[in-house]
Amino acid sequence: MDFTLTPGQENIRQLTHWLAENEIRPLSLAADRQHHFPDAFLLKLKQMGVTQGATEAEDRPAEVGVRRSKQANRSAVIGAEEMAWGDASLILSLPGPGLGGPPIRLTGTKEQQERFFAPFQREEELHWGAYGLTEPQAGSDVAGLQTTAKKDGHHYVLNGRKCYITNGARADWVVIFATVNPSLGRAGHRAFVVEKGTPGFSVGKLEKKMGLRASETAELVLEDCRVHVDNLLGGESIYEATDGFKTAMKTFDNTRPLVAAMAVGIGRAAYERARDFAKEAYCLARPLPRHALIQALLGKMERRLEAARLLVWRAAAMADLGLPNTKEASMSKAYAAEVAQQVTIDALEVMGAAGNHQDALVEKWFRDVKVYDIFEGTGQIQRIVIAKRLFETIKSF
Amino acid sequence: MITFEISGELELFQGTAREFAQTLLRPAGRAAEESGALPAGLREAYLSLGFAGLALPEGVGGLGQGLGAQVIVEEELAAGDLPLTLAMPGPGAFGVLLLALGNEAQAERILRPMLERGGRGAVAWVDQKPRVGTFAATAVEAPDGSLRLNGKKTEVRLGGQAEHLLVLVRLESKDGAVRPAALVVPSAADTRPSGLRFSEASPGLAFGAAKVVTATFEDVVLPKEAQLSRADRSLEVGLFDAVGRLSVISAARSVGLARAAAEHARAYAADRQAFGKPIAHFQAIAFLIADLMTRVEVMRGLVQRAAFAFDHQEPDAVRRAAYAIAEAHEGAMVVTNQAVQVLGGAGFVQDYPVEKWMREAKAHMASVMPHAVADLLVGRLALEGALTLAEDAPMPELQSIWL
Ligand SMILES: Cc1cc2nc3c(=O)[nH]c(=O)nc-3n(C[C@H](O)[C@H](O)[C@H](O)COP(=O)(O)OP(=O)(O)OC[C@H]3O[C@@H](n4cnc5c(N)ncnc54)[C@H](O)[C@@H]3O)c2cc1C
């Protein structure tokens, strides 16, 4: 048992925090209002070497086949917490393969990994990848997806709609999940890398959202979109052994702790703001009637954030050791999302009217954090995942 | 390096504690609650494992394993039976306080023989009529340095069976100053001063196997060596340290209690049928149990983190102890309550252990540091950066020390 950061992790934490505080926070409110971070800023961050997390350090072609660092997941969650403390939308906006990275890394062929990760190597340019699973009729119930893929010679013809896709409009490519035969259920699922500009592939509307406004969320339309078999992730043969659904789900064992770490980061930002507000605005020398209440509330916020962080670290440490961590990853995600929401609510409570002003950031964090209980599997879905591990006889609900 | 793995040596302690708890403590718990007596041989079996001195330094005859090891063992023991865990022999809370408040010579003189004999220590902390910030029980210092003690202490766990009592008092010293002090009073049947009496309290919510008594001191005269003192720190600083450690130990027991309840509910839900299927197959039950299991992990995480902080002399150890105890006590109440819920009517009757655990969770919440006090302490640290000795020192307002 040990809770000390390695010197490398301490470095990541301090550097990321410095960046979050000095470079990201000052732009946060404007980005929220304008619904994006300026490209010049994103490019500057890219050139500084800022990535979405260590999951991507391994996505570079040069590193294909190279063993991941033994600390990669732990380092990633430490960095992600600090980044989200700065601005959560920014992490999702950073150039890179995004959620599309893990499926390509986990199931793509060597050729596919080289081809699709190549654009991210270009120093002077901004490129994104995206992950297209959710559909208007299939969100939590991903197994019920309706986008079809029909084989036609050397191509698959894709038809369907995807919604709420992060960076979907600006991505170079999107990993699109579709079915070759809806009656096969999960066994019929395939993952395709659909490239921008492919005829029949277009962007529908861009969503206006409650929070995470500076992160792009797009609807994607596939109309007789012909995708070459070379873009079928992993090639035909892997689907004989495993199914596309597993590809879709594997992504989450690594990303859920990361997403949970971001929720902790947002919650911590709100907690610190409320604490500093209480320091200045309450007369501590005098026993104000509300004082003990606020004090205990802050104590509880701090305690539960630390508890969430420890769950995140544990799930990440298990991933680093190669231990099965599906249950622990879901526990960390479910708990961190719940705690972070309550902390932002409590922070607004502590600050009263002052927290509601548009320039207070706390109201933004309150808006931002809600989605952490929705995407990457809702709180309910996390509980299904946990329950399935606790009760072998449960197949689904 | 961040890791949640434990060493091979610690795994051995854990396995031994689990086996002892599940085969000897769990089956004996119900009967011991009724009779208030330990089953024959249990005391000896426990002493043979060496847990009584697990975290005590080697200098006083302990195993020097630290709090990190102790929380793992305490969780296992309490998952067997919490009151019997409290009833096990050894210096317990007495030892923790003695080490925190006394000097090395005092610790060695008292703890070594206690460990060798397999005796127990007890703590007399709570005044019958607590005064804010000070103790009502009073010791007056005579010109020759001897002390005359008067007062009444409640909630003294197993006080009648202890060979020594650690009593927190208000001291009127011969120079006229008044301050808190800690005294060690011999309390074995043959060494007990004549002015010390114990009387049994009426049975409470739980803990029949580890009863509390009231200790009355009437003109008890003690030599000046009875007073604990350390050259390097004040009593208040020592109390913070001790209460922090005791909180972590108490919290580890809450983790064990909650774990037992969550696991029992899980097994029951997989088995019990309603509407044609196991109740675990209803989301309302499955999600609840997923949350209970998560909560146990949350509690354990904070407890182990706090223990690590003490073992590594981290400056925020007391703050982490407060996280641990607040989460563990609050969590144990939630988890045991919901475990009863999962069992329905069966949860409410004594054929099953969960009702007992629910009562014990509530009774245990009053031990060491109530969770609301712990949150306040953290809030105070967050707002002011430090605790104020005079205002925050753990005085008799803290409900009780039940270790
Ligand atoms: C900002 C944002 C970004 C996103 N980015 C992406 C992305 O990049 N790629 C992508 O593919 N998707 C993305 N999503 C989609 C997201 O993953 C889904 O919204 C999410 O999985 C929930 O699906 P849904 O919205 O269809 O809700 P539904 O599935 O309709 O759920 C509605 C409610 O029912 C509950 N529910 C559903 N099934 C069950 C059940 N079996 N038992 C109990 N309760 C149940 C849910 O928990 C929820 O409370 C994004 C969403 C948002 C808001």
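In what follows, chains carry the letters A, B, and so on, assigned in the order in which the sequence lines appear, proteins first and then strands, with residues in each chain numbered from 1.
- If you measure heavy-atom distances from B:Met299 to chain A, you find no contacts under 4.5 Å at all.
- Residue contact with chain A, scored on non-hydrogen atoms closer than 4.5 Å, involves the side chain of B:Arg319 exclusively.
- Neither the backbone nor the side chain of B:Leu381 has a heavy atom closer than 4.5 Å to any heavy atom of chain A.
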query = Run the side chain to side chain contact (heavy atoms under 4.5 Å, CB included) check on B:Phe308 and A:Thr4 step by step: do they pass?
reply = CA-CA 10 Å; B:Phe308 182 85; A:Thr4 337; 3.7 Å; yes
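- At a 4.5 Å heavy-atom cutoff, B:Asp311 makes no contact with chain A through either its backbone or its side chain.
- Distance CD/A:Glu328 to CZ/B:Phe4: 11.0 Å, rounded to 0.5 Å.
- Checking B:Val378, B:Asp375, B:Ile325 one by one against A:Arg303, the side-chain contact (heavy atoms from CB on, under 4.5 Å) holds for a single residue, B:Asp375.
- Comparing A:Leu390, A:Leu311, A:Ile384 by heavy-atom pairs within less than 4.5 Å of chain B, the highest count is held by A:Leu390.
- You'll find the side chain of A:Phe391 reaches within 4.5 Å of the side chain of B:Arg266, heavy atoms only.
- Listed options B:Met1, B:Glu327, B:Met293 were ranked by heavy-atom pairs under 4.5 angstrom with chain A; first place goes to B:Met1.
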task = Output, in order, the C-alpha distance, side-chain angles, deciding distance and verdict of side chain to side chain contact (heavy atoms under 4.5 Å, CB included) for A:Arg383 and B:Thr294.
result = CA-CA 10 Å; A:Arg383 285 166 174 88; B:Thr294 304; over 6 Å; no
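- Remark: B:Gln283 CD is packed, more than 12 non-hydrogen atoms of other residues, nucleotides or ligands lying under 6.0 Å away.
- The environment of CD in B:Gln273 is crowded: more than 12 heavy-atom neighbours from other residues, nucleotides or ligands sit within 6.0 Å.
- Only the side chain of A:Leu323 comes within less than 4.5 Å of a heavy atom in chain B; its backbone stays farther off.
- Enclosure of atom OH in A:Tyr335 by more than 12 non-hydrogen atoms of other residues, nucleotides or ligands within 6.0 angstrom is indicated.
- Between chain A and the options B:Arg320, B:Lys277, B:His281, heavy-atom pairs under 4.5 Å are most frequent for B:His281.
- No salt bridge links B:Glu384 with A:Lys279; every basic N to acidic carboxylate O contact stays at or beyond 4.0 Å.
- Ring centers of A:Phe397 and B:Phe282: at least 6.0 Å apart, outside the cut-off.
- Under the 4.0 Å criterion applied to side-chain N and carboxylate O atoms, B:Glu330 and A:Arg304 are not assigned as salt-bridge partners.
- Although no hydrogens or angles enter the test, the distance criterion places no donor-acceptor pair under 3.5 Å between the side chain of A:Gln295 and the main chain of B:Gly379.
- For the set B:Glu314, B:His312, B:Arg380, the entry with the most heavy-atom pairs within less than 4.5 Å of chain A is B:Arg380.
- Checked by atom type and distance alone, the side chain of A:Arg74 pairs as donor or acceptor with a backbone atom of B:Ile2 at under 3.5 Å.
- Note that CG of A:Leu293 and CG of B:Leu376 are 9.0 Å apart. Values are rounded to the nearest 0.5 Å.
- Atom OH of B:Tyr352 sits in a sparse spot, with 12 or fewer heavy atoms from other residues, nucleotides or ligands closer than 6.0 Å.
- For CZ of A:Arg25, the number of neighbouring non-hydrogen atoms (other residues, nucleotides, ligands) closer than 6.0 Å is greater than 12.
- Contact count against chain A (heavy-atom pairs under 4.5 Å) is highest for B:Leu302 among B:Leu302, B:Ile72, B:Ile289, B:Ile6.
- Considering every non-hydrogen atom in both A:Ala387 and B:Ala286, the closest pair reads CB-CB, 3.9 Å.
- When heavy atoms are compared at a cutoff of 4.5 Å, A:Arg309 does not approach chain B at all.
- Both the backbone and the side chain of A:Ala296 come within less than 4.5 Å of a heavy atom of chain B.
- Closest approach of A:Ile386 and B:Ala290 over heavy atoms only: CG2-CB, 3.7 Å.
- Comparing A:Arg314, A:Met301, A:Gln380 by how many heavy-atom pairs each has under 4.5 Å with chain B, the most go to A:Arg314.
- In this structure the side chain of B:Glu5 never reaches within 4.5 angstrom of the side chain of A:Met1, judged on heavy atoms.
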